[in-house]
Amino acid sequence: MKTSEIFETLLNNLKVGETATTVASRRDEITKALNKDFRDKDGCTDYKLMVGSFGRHTAIKGVSDLDMIFILPPGIRSSYDGDTGPRRILERVRDDLKARYKNTEIRVDQCVVRVRFTSNAFKFEIQPAFENADGSFDYPDTKAEGWKVTKPREEIAATKECNDRTSTNMRHLARMARAWKNANGVNMGGLLIDTLVYNFFDQTDDYDAAGTGSFDLMARDFFEFLKDQSEQEYYLALGSRQRVHVKAQFQPKAKKAYNRCLEAIADEGKTSANKKWREVFGTSVPLAKSASESSRSFRDTEEFIEDEFPVDVSETVSIDCEVTQAGWRPTWLRVMRRGGILLKADKSLRFVVTSCSVGEPYTLKWKVLNRGPEAERRDKIRGQIVDSSKRGVRIEHSDFKGEHVVECYVVKDGVVVARDRIDVPVSNTSVKTANVL
């Protein structure tokens, strides 16, 4: 496929699509319920503002966290002064929404009221706020027991300005960055992504008028920009210049994406290029069909988590593999790989979660994918989405040579919120009876 075709299809597959209609319906119902109480108006859908990625028009398919400001009547501001004011206003909003959605999980969470709709895996975060003369908002913070300032309109305006200046490429790249984040388990908030994309275009005008035929080079240069960022606790958000905190290091995975971009660019026009771009941006990148597919002797049994759950990475999970063999001390696979030690066949493999920022309860899903000529010869590609062998653990066994991959997904409230993968290169083939890896 041509580079332009790859990226046009990618961007088309990332569109929010029909989700936008559902989001608008939910937003308006929430606004009606709040206006009925706060303004004694039935059916009124005014006094709201969608913020976050959806409000900046940089969200992609699968978005699950939706941020909304409900603009409070200025006449009640004095009633919510003092230490108890923030909690009281949030509890009032919560109670209004509980009356509207009796069977929906609704709770106060420091600065917002969270409404979790299980039917479509949406989580609305409603922030009641008083609008100021300069267009900023005062919002409640129960932890600080006071009111703080947020400036989402300035962030929205900066996004639009940059998008107009770059021939819509700002939003294109921001959506591509979200696809990378979700496909590779990079724990980055939407405002941080948009800020970094904004900063990227601020330091180069090479892609201000670029078409999709140059998006391979734009992606390469963006990930080079990301991997070279110094480690820091926060950035100043686009437009508002308010602090946006860094949840976790993104530079190592950006470096890996940069290297994949170089490989994909070198393979332009080959089926392998699509596969490399898929490693960067996930299943929204189309696979190119090769002439040999019709004559291959193995079944392509790989499944994709995106086909089972929405993916919206907002947390971090890390996995490792404990390698054991009778009579030998257990060793961690990542330590082996850093030391250049080869993983051989006939080893017991115990894949475990070594760290996870997701609060319980959640569900773990796994994928074990076998690669290489031996996997194809044996017709053992595998790659299905499976459950843990036992709580938090996936048990496997090294069997034959190949560049195998194991992925772990953390599913919370019907959404994949974290994922990690580990490469499992087996250096030889067992002479014993075939087993798993």
message: One pair to check against side-chain contact (heavy atoms from CB on, under 4.5 Å): K123 and R114. What are the steps and the verdict?
response: CA-CA 7 Å; K123 182 173 63 179; R114 293 179 183 267; 3.3 Å; yes
- request: Could you walk me through whether N132 and F137 pass the side-chain contact (heavy atoms from CB on, under 4.5 Å) test, one step at a time?
  value: CA-CA 6 Å; N132 299 314; F137 295 92; 5.5 Å; no
- request: Just do the salt bridge (Lys or Arg N to Asp or Glu O under 4.0 Å) check on R220 and D216 with the steps written out, would you?
  value: CA-CA 6 Å; R220 177 201 64 190; D216 55 345; over 6 Å; no
task: Take D208 and T166, measure what side-chain hydrogen bond (donor to acceptor under 3.5 Å, both in side chains) needs, and give me the verdict at the end.
output: CA-CA 4 Å; D208 284 3; T166 61; 5.6 Å; no
field: Chi angles and distances behind the salt bridge (Lys or Arg N to Asp or Glu O under 4.0 Å) call for K151, E155
entry: CA-CA 7 Å; K151 303 175 180 179; E155 295 158 5; over 6 Å; no
task: Tell me, with the steps shown, if S318 and D420 meet side-chain hydrogen bond (donor to acceptor under 3.5 Å, both in side chains).
output: CA-CA 6 Å; S318 298; D420 193 24; 4.5 Å; no
R371/E403 under salt bridge (Lys or Arg N to Asp or Glu O under 4.0 Å): CA gap, chis, key distance, verdict: CA-CA 5 Å; R371 290 176 168 171; E403 296 292 329; over 6 Å; no
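Counting only heavy atoms from C-beta outward, the side chains of K401 and N428 never approach each other to under 4.5 Å. With contacts defined as side-chain heavy-atom distances shorter than 4.5 Å, the pair I385/W366 does not qualify. Counting only heavy atoms from C-beta outward, the side chains of V368 and E396 approach each other to under 4.5 Å. Side chains of V426 and H404 form a contact here, defined as non-hydrogen atoms less than 4.5 Å apart. Proximity of Y235 to N199: side-chain heavy atoms (C-beta onward) are separated by under 4.5 Å at one or more points.
When every heavy atom of A219 is checked against every heavy atom of F281, the shortest pair comes out as CB-CZ, 4.0 Å. Summarising the geometry of F309 relative to G414, their closest heavy-atom pair is CD2-O, 3.7 Å, with the distance given to 0.1 Å. Minimum heavy-atom separation, P86 to G146: CG-O, 3.3 Å. In plain terms, the two heavy atoms of D312 and G62 that are nearest each other are CB-O, 3.8 Å. Annotation for A418 and V358: closest pair CB-CG2, 4.2 Å, computed over non-hydrogen atoms. For the residue pair A375 and N370, the shortest heavy atom distance occurs at CB-CB, 3.7 Å.
In terms of modelled atom types and a separation under 3.5 Å, the side chain of N184 and the main chain of V280 share a donor-acceptor contact. Of the possible polar contacts, one joining the N169 side chain to the A210 backbone as a donor-acceptor pair under 3.5 Å is found. When atom types are taken as modelled, the side chain of T168 and the backbone of N163 share no donor-acceptor pair closer than 3.5 angstrom. One N or O on the side chain of R419 and one on the backbone of N182 form a donor-acceptor pair closer than 3.5 Å. Checked by atom type and distance alone, the side chain of S136 never pairs as donor or acceptor with a backbone atom of T150 at under 3.5 Å. Listed for the Y101 side chain is no donor-acceptor partner under 3.5 Å among the backbone atoms of R116. Side-chain N or O atoms of T301 include one that pairs as donor or acceptor with a backbone N or O of R382 at under 3.5 Å. No donor-acceptor distance shorter than 3.5 angstrom exists from the side chain of D141 to the backbone of W147, with no hydrogens or angles considered. Judged purely by atom type and a 3.5 angstrom limit, K181 uses its side chain to pair as donor or acceptor with the backbone of V313. The closest donor-acceptor contact from the side chain of S389 to the backbone of I395 lies under 3.5 Å.
When each of E302, R421, E303 is paired with K367, the side-chain contact (heavy atoms from CB on, under 4.5 Å) condition holds for E302 and for no other. Of the candidates R178, R175, R171, R178 is the only one forming a side chain to side chain donor-acceptor pair (under 3.5 Å) with T58. Results of the side-chain contact (heavy atoms from CB on, under 4.5 Å) test with C321 over L333, L343, T331, V424 single out L333 as the only residue that passes.
To the nearest 0.5 angstrom, D109 atom CG is 11.0 Å from Q127 atom CD. For the atom pair NZ (K275) and CG (D267), the distance works out to 11.0 Å, reported to the nearest 0.5 Å. To the nearest 0.5 angstrom, I422 atom CD1 is 4.5 Å from D320 atom CG. Taking CG from D413 and CZ from F117, the interatomic distance works out to 13.5 Å, rounded to the nearest 0.5 Å. For the atom pair E161 CD and I156 CD1, the distance stands at 14.5 Å (nearest 0.5 Å). In this structure, E376 CD and E374 CD are separated by 10.5 Å, a value rounded to the nearest 0.5 Å.
At a threshold of 4.0 Å, the pair K365-D387 counts as salt-bridged, since one of the basic side-chain nitrogens sits closer than that to a carboxylate oxygen. Between K255 and D228, no side-chain nitrogen of the basic residue sits less than 4.0 Å from a carboxylate oxygen of the acidic one, so the salt-bridge criterion is not met. Using a cut-off of 4.0 Å between Lys/Arg side-chain N and Asp/Glu carboxylate O, K61 and E306 are scored as not salt-bridged.
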Show me, pair by pair, the donor-acceptor contacts under 3.5 angstrom made by side chains of residues 8-17, not counting sequence neighbours?
from, atom 1, to, atom 2, distance (Å)
E8, OE2, T212, OG1, 3.0
T9, OG1, E5, O, 2.8
N12, OD1, K15, NZ, 3.4
N13, ND2, T9, O, 3.3
N13, ND2, S284, O, 2.9

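Judged by the 6.0 Å distance and 45° axis criteria, R278 is positioned over the aromatic ring of F304.
Residues meeting the side chain to side chain contact (heavy atoms under 4.5 Å, CB included) test with E268, sequence neighbours left out: T3. Residues passing the salt bridge (charged side-chain N to carboxylate O under 4.0 Å, His left out) test with R260, sequence neighbours excluded: E263, E279. Remark: R56 engages D194 in a side-chain hydrogen bond (donor to acceptor under 3.5 Å, both in side chains) (not counting sequence neighbours). For K253, there are no salt bridge (charged side-chain N to carboxylate O under 4.0 Å, His left out) partners, not counting sequence neighbours. For E308, the salt bridge (charged side-chain N to carboxylate O under 4.0 Å, His left out) criterion is met by no residue, not counting sequence neighbours.
More than 12 non-hydrogen atoms from other residues, nucleotides or ligands lie less than 6.0 angstrom from CD of Q203. Annotation for E18: atom CD does not count as buried by contact number, only 12 or fewer foreign heavy atoms lying within 6.0 Å. Within a 6.0 Å radius of CZ in F298, other residues, nucleotides and ligands contribute more than 12 heavy atoms.
Between F222 and Y258, the ring center distance fails the sub-6.0 Å criterion.
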